[in-house]
**Student:** 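After the structure tokens below, expect a handful of questions from me.
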Amino acid sequence: MHAPARGRFDFPPAIPHDSRPDVRSPSRFLFWLIRSYGWVVPAMTLAASSWLVPAALTPWLLGRAIDAGVSRADTSAALAWVGLLLVVIAVGVVGGIWFHTFAVRMWLLGIYGIQRRVSRHAVHLGHVLNRRVPTGEVLSVSSSDSDQFGATIESFGHVIAAAMSFILASALMLTTSPLLGAVVLIATPVLLLASTPVLRPLTRAQSAERTESSSLTSLASDIATGLRILRGVGGERTFARNYERQSQKVRALGVRLGTWQAVVEATSILLSGLLLVTLVYLGSMRLLEDSLSVGELISFFGYAVFLTSPMQTFFDFAQKWVQGLVAAQKTLAFLGAEVPWRESDRKLASNAVLRDDLSGVSVHPGRMLGVVSADPDSSAALADRLGRYLPEGSPEEVDDAELRGRARRLARRERLAARARQAREDAELAARPWGVTADGVDYSVLDIADLRRRVVVSHTGALLFAGTLQSAIDPWGTHSRQEAERALEVASAEDIYASLPGGWQGRIDEKGRGLSGGQRQRVVLARALLRDPEVLVLVEPTSAVDAHTEARIAERLAAHRRRRTTVVITASPLLLRRCDEISVLVDGREVVRGTHDDLHDHPDYRRIIARGMEDSHE
């Protein structure tokens with residue numbers, strides 16, 4: 001096997017993942033986001049100023065050049081003014097290039113920074129994520145909202161630069177004609193205030209479209225995930241009709257949103273045009289009164305044309321800020337969801353004896369324990385408790401479908417109250433005695449991160465993400481080639497490496513599509529073995545492989561995990577024969593314990609493994 005490639009991507013320091021976002025309100029979140037970019041936003045604003053400020057000087061310099069060349073016939077002075085005008089234009093061109101460079105950088109930092117934070121928080125929430133926020137909401141935050149934040153913050157830097165250029169242009173007009181300068185300074189805020197009524201329906205339309213769009217994403221995700229099941233029960237048409245109805249609803253809301261966006265755009269153009277006409281009219285009157293020179297009139301016309309740009313920038317910022325607030329509101333519902341586990345500085349003791357009170361099962365250090373259960377759900381629940389996962393079906397659990405249903409029926413305040421109540425219930429559940437102890441110390445007082453790091457549960461539902469075989473086996477890139485090869489060998493997965501074009505860099509599709517069930521199961525097993533935790537809990541690790549492969553895995557697994565704590569939940573005699581001891585569960589309780597040979601004639605044990613031997617293999 002060839003050595004895995006050690007590619008690396010050094011992400012810029014913007015939006016550090018260890019900084020805590022301000023989730024008290026959407027506007028505070030946006031300002032926190034702006035501050036989190038560090039020097040990028042100020043640099044972008046400065047670059048935008050170097051682009052727009054020269055544009056504000058251009059009409060003034062042009063008027064001076066015309067007056068010098070036409071009115072006074074001073075060629076040298078005219079050439080000097082023209083030369084200065086060219087320098088200012090050149091500075092503006094360079095500033096524009098730098099502005100767009102920083103804007104694109106900031107935009108990309110925003111997209112990937114938010115996506116990284118969303119991924120990190122989703123991992124922290126783990127399986128309680130669906131109790132708090134619908135799946136489609138998370139996907140929308142990671143995709144469309146992260147892009148919207150880039151647009152909002154780009155417009156924030158742009159509008160500051162536009163305000164600076166506007167102030168400069170107004171000052172130049174005041175020095176030339178106090179009347180016209182006063183008209184601009186008074187009319188501009190009046191016109192902006194006059195446009196605010198159209199922003200409220202725009203906000204409502206944006207929020208409604210965003211909510212229903214996330215519901216559509218959730219529905220699409222549910223359909224894609226359960227497509228095979230839907231085909232089996234004939235539910236494709238029903239879900240297709242539901243998706244069609246929801247998509248038409250989103251389409252109608254999109255048309256409504258587009259209408260209000262068009263109204264805002266039309267309002268900005270209309271008001272900017274009115275200001276332009278007013279300035280040209282008043283300037284012409286002043287020229288007829290000999291209060292203005294030809295060059296000054298041309299300057300004022302240039303000011304009037306230039307001011308349409310800051311005016312439209314103000315309107316664009318108002319629109320983008322509204323959209324950013326809507327996106328922030330949805331993001332807060334996710335990032336504001338607290339993990340239910342309390343922080344603790346107490347660690348899991350090394351070589352501790354783990355005991356589950358509910359089942360009566362004890363896990364002794366340095367031994368391989370097989371768990372056989374007449375009820376697979378009971379043994380799976382035991383694995384979850386050993387890895388400390390909140391049990392399913394907590395009081396008033398708010399799942400994905402319920403949240404989507406409530407989104408249509410309840411007011412936003414009631415939805416937030418329901419999610420807050422769920423968070424409190426999860427926290428109370430996590431704080432109770434867990435019923436699993438390590439040397440007599442209950443799990444509830446142990447540090448969850450340390451526990452999850454040292455007790456790893458690998459089950460049949462574990463996911464494979466799209467990427468290379470290397471990233472599937474060693475997601476963090478922290479192990480050597482020899483260690484990775486050894487894990488593949490123990491999982492009897494060498495044939496997967498050999499069959500993939502590119503070996504370690506061979507591509508694996510999302511969720512392991514393209515691999516057989518047995519191949520996918522062995523990749524998941526190799527990943528868990530490479531992690532090499534202090535306590536490894538394997539749930540049906542060989543249920544999809546043939547008997548010959550299973551025998552190889554059983555032999556290699558026992559040798560590989562010798563003198564390390566391992567729990568194997570299985571009904572396979574090939575695996576159970578290699579275990580140091582076996583615990584038999586009936587109705588979720590341990591009824592007997594011993595070796596495979598000791599339990600050979602026990603009726604409950606014989607009945608369970610006989611059923612396991614009848615299971616189909618790859």
Side-chain angles (χ1 to χ4, degrees), residues 45-99 158-192 268-317:
T45 304
L46 183 62
S49 300
S50 66
W51 171 41
L52 294 178
V53 168
L57 287 171
T58 300
W60 184 78
L61 294 173
L62 181 62
R64 291 300 181 272
I66 290 174
D67 281 341
V70 176
S71 301
R72 299 194 300 272
D74 189 343
T75 304
S76 59
L79 290 176
W81 284 113
V82 169
L84 184 57
L85 178 61
L86 291 176
V87 170
V88 168
I89 292 174
V91 171
V93 170
V94 174
I97 294 173
W98 277 107
F99 165 68
H158 195 181
V159 79
I160 293 176
M164 294 173 62
S165 65
F166 177 84
I167 292 171
L168 176 60
S170 300
L172 292 174
M173 284 189 290
L174 282 171
T175 58
T176 305
S177 174
L179 174 62
L180 297 183
V183 168
V184 172
L185 291 177
I186 295 173
T188 300
V190 170
L191 294 177
L192 290 175
S268 69
I269 294 173
L270 173 62
L271 297 181
S272 300
L274 289 175
L275 181 60
L276 173 63
V277 170
T278 301
L279 286 177
V280 171
Y281 172 76
L282 293 176
S284 300
M285 294 296 100
R286 301 291 289 176
L287 177 64
L288 293 177
E289 297 171 358
D290 291 329
S291 299
L292 288 178
S293 66
V294 174
E296 290 173 335
L297 177 62
I298 293 175
S299 293
F300 264 98
F301 181 78
Y303 294 142
V305 173
F306 165 77
L307 287 175
T308 60
S309 176
M311 285 281 291
Q312 290 181 354
T313 300
F314 296 150
F315 278 99
D316 179 69
F317 170 73

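In what follows, residues are counted from 1 in the order of the sequence shown.
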**Student:** Considering only distance and modelled atom types, tabulate donor-acceptor pairs under 3.5 Å from the side chains of residues 158-165, sequence neighbours left out.
**Tutor:**
from: Ser165; atom 1: OG; to: Ala161; atom 2: O; distance (Å): 3.4
from: Ser165; atom 1: OG; to: Ala162; atom 2: O; distance (Å): 2.8

**Student:** Under the side chain to side chain contact (heavy atoms under 4.5 Å, CB included) test, which residues partner Ile97, sequence neighbours left out?
**Tutor:**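 Ile97 satisfies side chain to side chain contact (heavy atoms under 4.5 Å, CB included) with Val93, Thr101 only.
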**Student:** If you measure from CG on Leu84 to CD1 on Ile89, what distance do you get to the nearest 0.5 Å?
**Tutor:**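 Rounded to the nearest 0.5 Å, the CG-CD1 separation comes to 10.0 Å.
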**Student:** At their closest point, which heavy atom of Trp51 faces which heavy atom of Gly95, and how far apart are they?
**Tutor:**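 So the minimum-distance heavy-atom pair works out to CB-C, 3.7 Å.
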**Student:** Sequence neighbours left out, what passes side chain to side chain contact (heavy atoms under 4.5 Å, CB included) with Pro54? Give chain and number order.
**Tutor:**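 Listed in chain order: Val88, Val91.
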**Student:** Any non-hydrogen side-chain atom of Val94 less than 4.5 Å from a side-chain atom of Trp98?
**Tutor:**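 Val94 vs Trp98: side chains touch.
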**Student:** Write down the atom of Pro59, the atom of Ala55, and the distance for their closest heavy-atom approach.
**Tutor:**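 For Pro59 and Ala55, the tightest heavy-atom pair comes out as CD-O, 3.2 Å.
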**Student:** Quick one: side chain to side chain contact (heavy atoms under 4.5 Å, CB included) partners of Leu79, sequence neighbours excluded?
**Tutor:**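 So Leu79 forms a side chain to side chain contact (heavy atoms under 4.5 Å, CB included) with Thr75.
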**Student:** Please round to the nearest 0.5 Å and tell me the distance separating atom OG1 of Thr45 and atom CZ of Phe99.
**Tutor:**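 Rounded to the nearest 0.5 Å, the OG1-CZ separation comes to 8.5 Å.
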